[in-house]
Amino acid sequence: MLQIAVLREQTEQIIAGLRKKNYNNAAAEVAAILDLDQSRRTLQASHDEVQARANALAREIGGLMKTGNKAGAEQLKAETAELKNKAKQYSEELTALEENLQAALVKLPNTPHASVPPGRTPEENEVLLEHGDIPVLPANAQPHWELIKKYDIIDFELGNKITGAGFPVYKNKGARLQRALINFFLEEAAQAGYIEVQPPILVNEASGYGTGQLPDKEGQMYHATADNYYLVPTAEVPITNMYRDEIIPREQLPIRNAGYTPCFRREAGSWGADVRGLNRLHQFDKVEIVQIQEPEKSYEALEEMSLHIQGLLQKLELPYRVLRLCGGDMSFTSALTYDMEVYSAAQKRWLEVSSCSNFETYQANRLKLRYKGENGKTQLLHTLNGSALALPRIVAALLENNQTPDGIKLPAVLHSYCGFEMIN
RNA sequence: AGAGAGAUGGCAGAGUGGUCGAUUGCGGCGGUCUUGAAAACCGUUGACUGUUAAAGGUCCGGGGGUUCGAAUCCCUCUCUCUCUGCCA
């Protein structure tokens, strides 16, 4: 959520930012919000004035009662009746106004960083770099959804039987590969200084709200209605919410956490082309890295996270590229996002395997996640996170790019984690 | 799941209708003492809102009510703990 004070002070910059994100009607909505804010403050002042008078009277009455001056007390009581009505009326109006203001404010997305290119579609994302050679596969090369059947390592039909579409069963070396990748990613994160956490994978409403899944994207999460818990769509949600409503001592910054969770996404309305096999699932595994940083250092942290993720892809010997997302392709909450994509040689296209973002104060404002700066003032922190990494498309690329007549040759870095070198 | 108890500032823990935003201890910060540190002693130390700065207002789990006045009384919701039951 954008800060109302910033909206007041930097109105033009924010409108320009919202436009870059292709947010329609930005100027009008911002004007309406500032209008509401002005009314709110005026009303608040009136309310406070009445309240102050009522407080003073109550104190006087207390004094009179003590001295036994009942008549005097009764006289003052008469005056309070009117004040009470007024205060109640003001406070009701105020509540309504605040609700409207809040509702309008949460609808505004985060504003993009200056480096974010304009654009509406994924085609307009900026390719920052490409790394590694695109492998040349033999003519009879197969996509991963054929390979998993050939080697009987991932079974979609069995998942259909147990649960439904998008819930595959990993079997034999397929299951062991999952476990190996999770361990590899966690181990690399630990060596890079991220403290490992194992959070709950069901979260309450307040947590969903804190990271921005609620109230708008409710339909994207699985909801355990009996207890009103939500299945996490990413470890970002529980990990970031560990710091909700906290004022972090400055010397504890930056906070760096890594965690593995399964991720659950309903993906309502997003099924169509290019979602075969492992490309899109309702349940998948992911290791997430999270940083909480001082505002001045958050972009340094983003670069560092990007390099960490790239290091993983290099060790996995996968050809990848890094994109800087354009305004229109970024998430609602992000100020700057790098996407990492690996090349799938059999599908002949790039697959997104990581998304690494700086949210600046947008999440922190909702989370009330703050620290005391050098000047002693309490201020909002910056939150960042990135996938390091999401498994399914990594598995897809590993299978497709490394297929040989003898089987799938796994990259050397995974051998000790897997306990085998080939899938055959 | 049943019965009971509870929710107060970073933590512990007082406060059961009238200067209570809240006693006290610990912790934190500043100082005295010391070559330095520890100890001891002194001082200081919540958040939000508002303003050029104040004043003022709000916050004792959430919501509602009683009252001139609520941390304190009533209703309700949520959560936590203890015991019993079940169970990895």
Side-chain angles (χ1 to χ4, degrees), chain A residues 1-9 33-102 105-106 198-210 214-215 223-230 238 241-253 255 262 292 361 364-381:
Chain A
M1 189 166 66
L2 295 174
Q3 298 168 83
I4 188 74
V6 176
L7 207 58
R8 277 204 294 263
E9 284 157 22
I33 287 172
L34 289 178
D35 217 42
L36 278 172
D37 178 53
Q38 186 53 55
S39 315
R40 197 212 95 232
R41 285 191 293 161
T42 309
L43 195 58
Q44 181 83 56
S46 311
H47 171 265
D48 288 358
E49 211 175 299
V50 171
Q51 197 59 252
R53 177 71 188 139
N55 287 346
L57 277 176
R59 239 168 284 141
E60 275 185 60
I61 292 169
L64 291 172
M65 298 290 257
K66 240 178 208 164
T67 58
N69 186 346
K70 278 206 171 162
E74 286 306 321
Q75 206 175 341
L76 292 183
K77 274 193 196 179
E79 195 184 332
T80 61
E82 194 197 346
L83 287 176
K84 253 177 101 173
N85 279 335
K86 255 196 197 165
K88 189 169 182 178
Q89 193 192 326
Y90 278 137
S91 110
E92 275 166 11
E93 282 176 44
L94 211 48
T95 305
L97 210 53
E98 274 165 2
E99 274 170 16
N100 290 342
L101 183 59
Q102 179 76 4
L105 209 49
V106 296
Q198 196 178 85
I201 57 178
L202 272 75
V203 296
N204 59 27
E205 247 180 349
S207 294
Y209 181 81
L214 296 175
H223 188 191
T225 53
D227 296 290
N228 199 23
Y229 293 149
Y230 294 87
N241 272 284
M242 297 196 303
Y243 305 101
R244 169 156 48 85
D245 290 321
E246 296 285 342
I247 298 176
I248 312 284
R250 192 152 173 270
E251 60 274 15
Q252 284 178 20
L253 296 169
I255 287 172
I292 295 169
T361 59
N365 192 29
R366 281 197 184 196
L367 291 160
K368 295 200 178 65
L369 169 51
R370 295 159 296 171
Y371 78 117
K372 274 200 207 302
E374 249 170 324
N375 55 9
K377 260 183 76 176
T378 307
Q379 59 189 97
L380 294 172
L381 282 159

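Chain identifiers are assigned alphabetically (A, B, ...) following the order of the sequence lines, protein sequences preceding nucleic acid strands; residue numbering begins at 1 within each chain.
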Can you tell me, in whole Å, how much space there is between the P of B/G31 and that of B/A38? 12 Å

Checking N1-N3 plus N6-O4 or O6-N4 for Watson-Crick, or N1-O2 and O6-N3 for wobble, each under 3.5 Å, the partner of B/C60 is none

Across every strand shown, the nucleotide meeting Watson-Crick or G-U wobble geometry with B/G30 (both distances under 3.5 Å) is B/C42

Practice prompt. Write down the distance separating the P atoms in B/A22 and B/G27, rounded off to the nearest Å.
Written response: 23 Å

- Test item: side-chain donor near acceptor, A/Asp48 and A/Gln44, under 3.5 Å: yes

- Query: Taking the side chain as C-beta and beyond, is there a heavy-atom pair between A/Ile4 and A/Ile33 under 4.5 Å?
  - Reply: yes

Paired to B/G4 by Watson-Crick or G-U wobble criteria (both distances under 3.5 Å) is B/C81

By nearest-nucleotide position on RNA chain B, the 5'-leaning member of A/Thr378 and A/Ile61 is A/Thr378

Walking RNA chain B from its 5' end, the first of A/Arg8 and A/Asp227 to be reached, judged by nearest nucleotide, is A/Arg8

Main-chain N/O of A/Ser207 paired to A/Asn204 side chain as donor or acceptor, under 3.5 Å
yes

Nt span of RNA chain B in reach of chain A heavy atoms at under 4.0 Å, 5' end first, is B/G18 to B/G69

Any strand, both distances under 3.5 Å, Watson-Crick or G-U wobble: B/A12 pairs with B/U24

Re B/A55: Watson-Crick or G-U wobble partner, both distances kept under 3.5 Å, found to be none

Exercise. Which whole number of Å gives the distance between the P atom of B/U52 and that of B/U67?
Worked result: 39 Å

Discussion item. I'd like the P distance from B/C73 over to B/U8, given in whole Å.
Written reply: 15 Å

> When the C1' atoms of B/G56 and B/G50 are considered, how many whole Å apart are they?
Replying inline: 8 Å

What integer number of Å spans the P atoms of B/G13 and B/A7? 10 Å

Heavy-atom closest pair (A/Leu214 atom, A/Glu205 atom, distance to 0.1 Å) is CD1-O, 3.5 Å

Notebook entry, point to check: NA contact type, A/Arg53, heavy-atom cut-off 4.0 Å: base, sugar-phosphate, or nothing?
Noted result: nothing

What integer number of Å spans the P atoms of B/A71 and B/G65?
15 Å

Flag the pair A/Glu246 and A/Lys368 as a salt bridge only when some basic side-chain nitrogen lies within less than 4.0 angstrom of an acidic carboxylate oxygen.
no

Which part of the nucleic acid, if any, lies within contact of A/Arg250, taking any heavy atom under 4.0 Å across all strands shown: a base, the sugar-phosphate backbone alone, or nothing? nothing

* **C1' atoms of B/G18 and B/G69, separation to the nearest Å** => 7 Å

message: For A/Tyr209, is there any backbone N or O sitting under 3.5 Å from a side-chain donor or acceptor partner on A/Arg366?
response: yes

- What is the ring orientation for A/Tyr230 with A/His223, classed by angle as parallel under 30°, tilted 30 to 60°, or perpendicular over 60°? parallel

